[in-house]
Enquirer: 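There's a structure below that I have some questions on.
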There are 2 protein chains.
Amino acid sequence: MPEMSSVFPHPDHDHGVCVSETLARAEEACGERGVRLTPLRRRVLEALAASHAPLGAYDIVEKLRKSKEPAPAMSVYRALDFLVTEGLAHRIESKNAFLACTHGHDTGDIVLFMLCDRCGTVAEVTSTALGRDLAQAAKSASFSPKAPVLEVSGLCGRCMERGVRRKVS
Amino acid sequence: MPEMSSVFPHPDHDHGVCVSETLARAEEACGERGVRLTPLRRRVLEALAASHAPLGAYDIVEKLRKSKEPAPAMSVYRALDFLVTEGLAHRIESKNAFLACTHGHDTGDIVLFMLCDRCGTVAEVTSTALGRDLAQAAKSASFSPKAPVLEVSGLCGRCMERGVRRKVS
DNA sequence: AGCAAATTGTTGCGCCGCACAATATATAGG
DNA sequence: CCTATATATTGTGCGGCGCAACAATTTGCT
């Protein structure tokens, strides 16, 4: 059982696979829980899944505006709320942006986001050690933790080697 | 050497001490670094130090508006930027709010914020274990970390015992 | 069809911060 | 010491983002 469950995606990989897999898992999860993945929510999740860099709400509004069925900002926000609540997407607090959850972890997992300042890509990793220390720190402070926000900005390996500035779709 | 360097402040302690000590350290730090702690910046820091709950920018604007020398929102934002840059205050990303740094840690320390959802108080703790695991996780992902954001919301011990909802000044 | 609940659309307001202008402060030369 | 120039700080106007409140619509169920 590896400590890390994921790393940075390669910039040239096939997004179609991520998108279809993410949507498939979302459909299934919603079905099980008896909540509805409406067309709008599906389209928002689709937009998120097509990017491994976090998208701002208005980035999505813009994407939808260019498509056949635009949606007002408020509706996009609500769809994002839904997706985050259902664990299908994450909110990146330090960027006020959102990210599709690409590898469905169980709720309760401790997730750490590494944000590359240059290419914008995000690695979503789970660390058991981090979770243990977090619990330990909370215990020492008599604190009962609920929603951990663990985000680190920096440079991904690829951007450190090459000086290239290539944004991921 | 304790693992944790600080916990939640008692709601009934003397804020005057926090404020004066924080300002004193700020004066000194600015003097050493050759940057200026202008009256406005000082007043903003003072407002932050008087509260152990994070303050939004407009909370501070409001405080200043009630005082003798109001300041426009933009100026407050700039003062906050300055304070954060100089390590005299922290930005709480998950709340879009700011907090005076009350116990000057060296730059480079890994800091974890525990935010009480009920009373709003924040505990600012440093964990060496957390820092080690964070570095380990980064290494595994070939990631070069820069600015860690570690925030956990939940309930502080005091709020868990009593059901009282008493906001800290 | 008819009703309750959920979802989406519309309006509006407050927060956030950029870009430019005005002012205050530091530095150099006479 | 005084002024001129560069630098740093603060003020103002404005546009974009985030979201609350209410209205309109759709969906699920009987």
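Residue numbers start from 1 in every chain, and the chains themselves are labelled A, B, ... in the order their sequence lines are given, proteins ahead of strands.
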Enquirer: Rounded to whole Å, how long is the line connecting atom CZ of A:R42 with atom P of C:dT7?
Expert: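 Going from CZ in A:R42 over to P in C:dT7 covers 17 Å.
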Enquirer: Keeping to residues at least two apart or across chains, list the ring pair (Phe, Tyr, Trp, His ring centres under 6.0 Å) pairs with something in residues 16-42 of chain B.
Expert: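 Listed once each, the pairs would be none.
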Enquirer: If hydrophobic residues (ILVMFWY) are linked whenever their side-chain heavy atoms come closer than 4.5 Å, directly or via other members, who joins A:I92 in its cluster?
Expert: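 Joined to A:I92, directly or through intermediates: A:L99, A:V111, A:F113, A:L115, A:V122.
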Enquirer: Tell me, please, which residues at least two apart from A:F98 pass ring-ring contact (aromatic ring centres under 6.0 Å, His included).
Expert: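 Once residues adjacent in sequence are excluded, A:F98 has no partner under the ring-ring contact (aromatic ring centres under 6.0 Å, His included) criterion.
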Enquirer: Suppose the criterion is ring pair (Phe, Tyr, Trp, His ring centres under 6.0 Å): which pairs have a residue in residues 116-156 of chain A, not counting sequence neighbours?
Expert: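 Qualifying pairs, neighbours excluded: A:F143-B:F8.
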Enquirer: Can you find a heavy atom in the side chain of B:L150 that is under 4.5 Å from one in the side chain of A:E151?
Expert: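 No, their side chains stay 4.5 Å or more apart.
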Enquirer: Give the rounded distance in Å between these two atoms: CG of B:L55 and P of C:dC15.
Expert: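 Interatomic distance, CG of B:L55 to P of C:dC15: 13 Å.
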Enquirer: Round to a whole Å and report the spacing from OH of B:Y58 to P of C:dC13.
Expert: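 One finds 15 Å between P of C:dC13 and OH of B:Y58, rounded.
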Enquirer: Can you tell me the distance, in whole Å, between the CZ atom of A:R33 and the P atom of C:dA6?
Expert: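 Interatomic distance, CZ of A:R33 to P of C:dA6: 17 Å.
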Enquirer: For residues 38-48 of chain B, pull every pair meeting side-chain hydrogen bond (donor to acceptor under 3.5 Å, both in side chains), keeping only residues two or more places apart or in separate chains.
Expert: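 Qualifying pairs: B:E27-B:R42, B:R43-B:S67.
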Enquirer: Could you pick out which residue, B:G56 or B:R36, lies toward the 5' side of DNA chain C when each is mapped onto its nearest nucleotide?
Expert: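 Between the two, 5'-proximity favours B:G56.
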Enquirer: Of all of residues 64-79 of chain A, which get a heavy atom below 4.0 angstrom from DNA chain C, listed by number?
Expert: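 Residues of residues 64-79 of chain A that come under 4.0 Å of DNA chain C are, in numerical order, A:P72, A:M74, A:S75, A:R78.
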Enquirer: Nearest whole Å is fine: how far is D:dG18 P from A:D81 CG?
Expert: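 Nearest whole value for this atom pair: 12 Å.
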Enquirer: Check the distance between D:dC19's P and B:N96's CG and give it to me in whole angstrom.
Expert: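 So the CG-P distance, B:N96 to D:dC19, works out to 9 Å.
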Enquirer: Between A:E93 (CD) and D:dG18 (C1'), how many Å, whole number?
Expert: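 Rounded to the whole Å, the gap is 13 Å.
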Enquirer: Take atom CG of A:L40 and atom C1' of C:dG9, then tell me their distance rounded to the nearest Å.
Expert: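 Interatomic distance, CG of A:L40 to C1' of C:dG9: 11 Å.
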